[in-house]
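Atoms within a ligand are numbered from 1 in the order they appear, just like the ligands themselves. Starting from 1, each residue takes its place in the sequence as its number.
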Amino acid sequence: MQIAIDGPAGAGKSTIAKKIAQIYGITYLDTGAMYRCVAHCVLKELGDCFSDQAAIIKIAKTVKIEFKQDQVFCNGEDVTLEIRTPLVSQHTSDVAKISEVRNILVKQQQEYAKKNPVIMDGRDIGSVVLPHAEFKFYLDADVTERAYRRHKELVQKNIEKDLEEIKQEIESRDENDKNRLVGPLCQVDEAILIDTTGRGIDEVVALIKSYIDGETI
Ligand code: DC
């Protein structure tokens, strides 16, 4: 079983995908975390020198990314919290627009999907990573609500950030993700669009489940 979930930042993709994975007993692969790991390593090894593409590609080629339950490890180091900081978020789209970096990570994601039933979330899952997935969903939500959700997540992690600033960053990330040349964020024709604005997690999960179980056509 392969399920693809795409959509912009803060649309609820990872929360929903984790729950769907539990329901169907399949693995959840957070592809955004993989791009975040590369950005984290670049920050660690090169400072914020995101203009050195050759060095970034070298890091993407050698970095060892592992998922263990809810934790993410980068070259053996637990980076679960570090990869969610605003600094890493801001730089992740810089690494995600480099085609060689995308090729390296897409290949790993596809290899994983060959061996495991999987639900993946990201930006290019339905279009590039799993073009033959049985189920494809595109989750979207009003940008103000997406900013509120991110703000709430940051507050829970004791990270202070102005709501308007978060909204602007989300808009700028969406813009980068939609307009890059390789693997841009897009809704493929066969993906089911789900607007999560004003909808609770359980409601969205139930809706997706009804599509997968063939109850909603
Ligand atoms: O889903 P997220 O917010 O963790 O994604 C972090 C960044 O990585 C975001 O700028 C988009 C990018 N990304 C991507 O380009 N392709 C993916 N498959 C997943 C994420």
*Asks:* Run the side chain to side chain contact (heavy atoms under 4.5 Å, CB included) check on Thr144 and Lys167 step by step: do they pass?
*Replies:* CA-CA 7 Å; Thr144 307; Lys167 190 174 162 187; 3.4 Å; yes

*Asks:* Which ILVMFWY residues are connected to Leu185, directly or by a chain of links, through side-chain heavy atoms under 4.5 Å apart?
*Replies:*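 Tyr138, Leu193, listed by chain and number.
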
*Asks:* Inspect the contact between Asp213 and Lys209 and indicate whether a charged nitrogen and a carboxylate oxygen are less than 4.0 angstrom apart.
*Replies:*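 Result for this pair is yes, salt bridge flagged.
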
*Asks:* With sequence neighbours excluded, what pairs up with Asp78 under the side chain to side chain donor-acceptor pair (under 3.5 Å) test?
*Replies:*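 Per chain and number, Asp78 pairs via side chain to side chain donor-acceptor pair (under 3.5 Å) with Gln71, Thr80.
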
*Asks:* Would you give me the side-chain donor-acceptor pairs under 3.5 Å for residues 94-101, sequence neighbours excluded?
*Replies:*
unit_1, atom_1, unit_2, atom_2, d
Asp94, OD2, His91, ND1, 3.1

*Asks:* Between Met34 and Arg36, is a side chain to side chain contact (heavy atoms under 4.5 Å, CB included) present by the stated rule, with each step listed?
*Replies:* CA-CA 5 Å; Met34 298 173 75; Arg36 286 173 180 272; over 6 Å; no

*Asks:* Name the residues with a heavy atom less than 4.0 Å from ligand 1?
*Replies:*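 Correct list: Thr31, Gly32, Tyr35, Arg36, Arg84, Thr92, Ser93, Ala96, Arg102, Gly122, Arg123, Asp124, Arg173, Asp177, Arg180.
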
